[in-house]
Novice: 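Take this structure first; my questions come after.
Every chain is numbered from 1, with letters handed out A, B, ... down the list of sequences.
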There are 2 protein chains.
Amino acid sequence: MATVKMTTKREPSDEPEILELESFLPYRLYRLADAVSREFSRIYKDRHGLTRPEWRTLAGLGQNGTMTATALGEQSAMHKTKVSRAVAELERRRWLTRTPDEKDRRIEHLTLTGAGLAAYREMVPLAKAFEQELLARLSTDERTAITNGLGALKEALSKD
Amino acid sequence: MATVKMTTKREPSDEPEILELESFLPYRLYRLADAVSREFSRIYKDRHGLTRPEWRTLAGLGQNGTMTATALGEQSAMHKTKVSRAVAELERRRWLTRTPDEKDRRIEHLTLTGAGLAAYREMVPLAKAFEQELLARLSTDERTAITNGLGALKEALSKD
DNA sequence: GAAAACTGGTTTCATTTGTAACCATTGAAA
DNA sequence: TTTCAATGGTTACAAATGAAACCAGTTTTC
C-alpha cells in the first residue's frame, strides 16, 4: 500500500482562528471614538480645564435647562458618581446652583448660573465648528453612511 | 407716533445656540463605542479577569506572533505605559515571554507561551461570535453603512 | 403606623489611567 | 572619543474611575 499524503490543505475551519483587530468592529469603534473624543476634549479641557463628565453636565443643563442629577446621568450615560462629582465641581465654580425640590426632599434641581450659561454659550459654537469641520471632510454619502450606521448599530445594541 | 413692536420673531442666528447632545457626532460615537466595548469586555473580563489593555496585548500577539512593546502600542493605539503594565501582568501569568533583542538591547521581543496561545484560541471564536451576533441584527445596507462610515471617518480624522 | 424595601445622591476605597520623570542603550554630532 | 539627542521601556505620582457601602428621605406593605 502506498504512503498516503499526511498533510492536507487546511480547511478554513481547520486552521487556528485569528482575529484581525483592525477590522474588528468593537475595536474600530472604540479607537475612533477615542481619537475623536480626545481631539474634541481640547475645546473644554484647554480652555476651561473641564473634565468630560463636567463638560457633559454643562452641555446637558445648557440644552435642557433645569435638570436633576439622575436625569443628567440618563441623558449623558454617566454613572451617578460621575455626575455627583461633576456637579460638585461645577457648583464650586459657581457655574450651577442646586435647588431642593419642595415635594421630594431627596431631589435637587440643577440650573446653570449666568457664569455657567456664559461658558456654555461660548463653547457651543466651538463644538459645532468641530463637528462641521470633521463632517466637511466626508462626502455626502459618507456622511449619511456614518449617521445611519451609528443609528442602526445603536438600535441593534438596545434590543438585546 | 404709535408704539412699535419691540419683540420680533428671532432669526435662527439670533437665538442662543443650543447643542443637541443626542445628535452630536463625538458624543454619539463615544456612547456607542462605550456600550459595545462594555458588552464585549465580558468575554475577557468575566472569563479570565483581563483588563482591556491586557486583552489587546493578547490579541495583538495572537494575531501577529512576536512583537515588540512599541509595535503593540502602535497597533492597538495604547499608551506605552498601558502596554508596559499589560505585558508585565501577562508575563506574571506566564502567558508571554520576553526575549531581548541581540542587536539592540533596549528592545524585547514578546511572544505568547502555550498557555497564552491557548487562552487566545479560546477567546477568538467568542469574539467573532459577538461581532457576528451584533451585525446579524443589521440589514445588509446598514452593515455596509457602518463599515464604510467608520472607515471614512477614520480617514477624515487622520488627514489633519 | 412601624418595618421593610426603594430611590436620589454622596462618600470611601481599590483599581485604572495619564503625565512626567526616569534608566539604559543606541545613534548622531563634534 | 566624548557629548548630546533620541528611543525602548519602566516607575512614581496625581487624577479619574467603578463598585459597594452609605445616608437621608419616600413609598410600600402588613
Side-chain angles (χ1 to χ4, degrees), chain A residues 30-31 33-35 37-42 44-46 48-58 60-61 66-93 96-111, chain B residues 30-31 33-35 37-39 41-42 44-46 48-57 60-61 66-93 96-111:
Chain A
Y30 191 90
R31 201 182 188 329
D34 191 58
S37 171
R38 216 178 274 284
E39 265 300 307
F40 178 63
S41 76
R42 292 227 276 257
Y44 52 81
K45 193 167 290 174
D46 287 1
H48 292 289
L50 294 178
T51 63
R52 185 166 44 220
E54 283 154 21
W55 150 250
R56 284 200 189 165
T57 300
L58 185 70
L61 293 179
T66 292
M67 291 178 86
T68 162
T70 319
L72 263 170
E74 278 161 14
Q75 201 215 8
S76 37
M78 293 190 292
H79 189 89
K80 62 206 285 215
T81 61
K82 271 192 192 169
V83 176
S84 172
R85 295 189 254 243
V87 167
E89 168 61 19
L90 294 189
E91 184 187 31
R92 203 194 55 71
R93 291 182 184 225
L96 63 75
T97 55
R98 312 177 191 237
T99 321
D101 183 288
E102 275 311 314
K103 313 240 163 167
D104 185 339
R105 310 224 311 286
R106 291 169 301 182
I107 298 176
E108 321 182 292
H109 299 280
L110 308 166
T111 323
Chain B
Y30 191 90
R31 201 178 186 335
D34 191 57
S37 171
R38 218 178 275 282
E39 265 299 307
S41 76
R42 292 227 278 254
Y44 52 81
K45 193 167 288 174
D46 287 1
H48 292 289
L50 294 177
T51 64
R52 183 165 48 221
E54 284 155 20
W55 150 250
R56 284 200 189 165
T57 300
L61 294 179
T66 292
M67 290 178 88
T68 160
T70 319
L72 262 171
E74 278 162 12
Q75 203 216 5
S76 38
M78 292 190 291
H79 189 86
K80 60 205 288 215
T81 60
K82 270 192 192 167
V83 176
S84 173
R85 296 189 253 241
V87 167
E89 168 61 19
L90 293 188
E91 184 186 30
R92 203 193 56 69
R93 289 182 186 227
L96 64 76
T97 55
R98 312 178 191 237
T99 321
D101 183 290
E102 275 311 314
K103 313 238 162 168
D104 185 338
R105 309 222 311 285
R106 291 169 303 183
I107 298 176
E108 320 183 291
H109 299 281
L110 309 167
T111 322

Novice: Between A:P53 and B:H109, which residue's closest nucleotide on DNA chain D lies nearer the 5′ terminus?
Specialist: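 Per heavy-atom nearest nucleotide, the more 5' residue is B:H109.
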Novice: Identify the two heavy atoms, one from A:L61 and one from A:L110, that lie closest to each other, and give their separation to 0.1 Å.
Specialist: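 Here A:L61 and A:L110 meet closest at CD2-O, 3.6 Å.
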Novice: Could you check how far CD of B:E89 sits from P of C:dT17, rounded to whole Å?
Specialist: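 So the CD-P distance, B:E89 to C:dT17, works out to 13 Å.
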Novice: Rounded to whole angstrom units, what separation is found between the NZ atom of A:K82 and the C1' atom of C:dT10?
Specialist: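 Value for this atom pair: 17 Å.
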Novice: For residues 48-57 of chain A, which side-chain donor-acceptor pairs fall under 3.5 Å, sequence neighbours excluded?
Specialist:
| unit_1 | atom_1 | unit_2 | atom_2 | d |
| --- | --- | --- | --- | --- |
| A:H48 | NE2 | A:E122 | OE1 | 3.3 |
| A:T51 | OG1 | A:E54 | N | 3.3 |
| A:T51 | OG1 | A:E54 | OE2 | 3.4 |
| A:R52 | NH1 | A:S37 | OG | 2.7 |
| A:R52 | NH2 | B:Y30 | OH | 2.8 |
| A:E54 | OE1 | A:T51 | N | 3.0 |
| A:R56 | NH1 | A:S76 | O | 2.9 |
| A:T57 | OG1 | A:P53 | O | 2.8 |

Novice: Considering only residues two or more places apart or on different chains, which pairs with a residue in residues 77-89 of chain A satisfy salt bridge (Lys or Arg N to Asp or Glu O under 4.0 Å)?
Specialist: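 Checked against salt bridge (Lys or Arg N to Asp or Glu O under 4.0 Å) - neighbours excluded - the pairs reaching residues 77-89 of chain A are A:E89-A:R92, A:E89-A:R93.
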Novice: Walking along DNA chain D from 5' to 3', note the first and the last nucleotide with an atom under 4.0 Å from a heavy atom of chain A, and give both.
Specialist: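 Listing 5' to 3', DNA chain D meets chain A from D:dA16 to D:dT26.
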Novice: I'd like to check the side-chain contact (heavy atoms from CB on, under 4.5 Å) partners of B:Q75; sequence neighbours left out, ordered by chain and number.
Specialist: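 A:L21, A:E22, B:Q63, B:N64, B:M67.
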Novice: Which letter, B, S or -, goes with each nucleotide of nucleotides 1-8 of chain C from 5' to 3', with contact meaning a protein heavy atom under 4.0 Å?
Specialist: ------BS
Novice: For A:D104, check salt bridge (charged side-chain N to carboxylate O under 4.0 Å, His left out) against everything at least two apart and list the hits.
Specialist: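 Partners of A:D104 under the salt bridge (charged side-chain N to carboxylate O under 4.0 Å, His left out) test: A:R106.
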Novice: How many whole angstroms separate atom CG of B:D101 from atom P of C:dG27?
Specialist: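 These atoms are roughly 10 Å apart.
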Novice: Looking at B:R85, I'd like to know whether one of its side-chain N or O atoms comes within less than 4.0 Å of OP1 or OP2 on C:dG18.
Specialist: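 Negative; the distance criterion is not met.
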Novice: Looking across every strand, which nucleic acid part, if any, lies under 4.0 Å from A:R98 by heavy atom: base, sugar-phosphate, or nothing?
Specialist: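 If one applies the 4.0 Å heavy-atom cut-off, A:R98 turns out to touch the sugar-phosphate alone, with no base involved.
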Novice: Who pairs with A:A77 by side-chain contact (heavy atoms from CB on, under 4.5 Å), at least two apart in sequence or on another chain?
Specialist: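 A:A77 satisfies side-chain contact (heavy atoms from CB on, under 4.5 Å) with B:Y27, B:R31 once adjacent residues are dropped.
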Novice: May I have the distance from A:M78 (atom CE) to C:dT10 (atom C1'), rounded to whole angstrom?
Specialist: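 Going from A:M78 (CE) to C:dT10 (C1'), I get 15 Å.
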Novice: What is the separation between atom CE on A:M67 and atom C1' on C:dG9, rounded to the nearest whole Å?
Specialist: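 For the pair A:M67 CE and C:dG9 C1', the rounded distance is 15 Å.
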Novice: With A:S84, which residues qualify under side-chain contact (heavy atoms from CB on, under 4.5 Å), at least two apart?
Specialist: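 With neighbours one apart ignored, the set is empty.
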Novice: Distance check needed: C:dA21 P versus B:H79 NE2, whole Å only.
Specialist: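 In whole Å, C:dA21 P and B:H79 NE2 are 13 Å from each other.
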Novice: Taking side-chain contact (heavy atoms from CB on, under 4.5 Å) as the definition, give me every residue that meets it alongside A:E74, ordered by chain and number, with sequence neighbours left out.
Specialist: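 By the side-chain contact (heavy atoms from CB on, under 4.5 Å) rule, A:E74 matches A:T70.
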Novice: Taking atom CZ as the centre, does A:R38 end up with more than 12 heavy-atom neighbours from other residues, nucleotides or ligands that are less than 6.0 angstrom away?
Specialist: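 Check fails, neighbour count at 12 or below.
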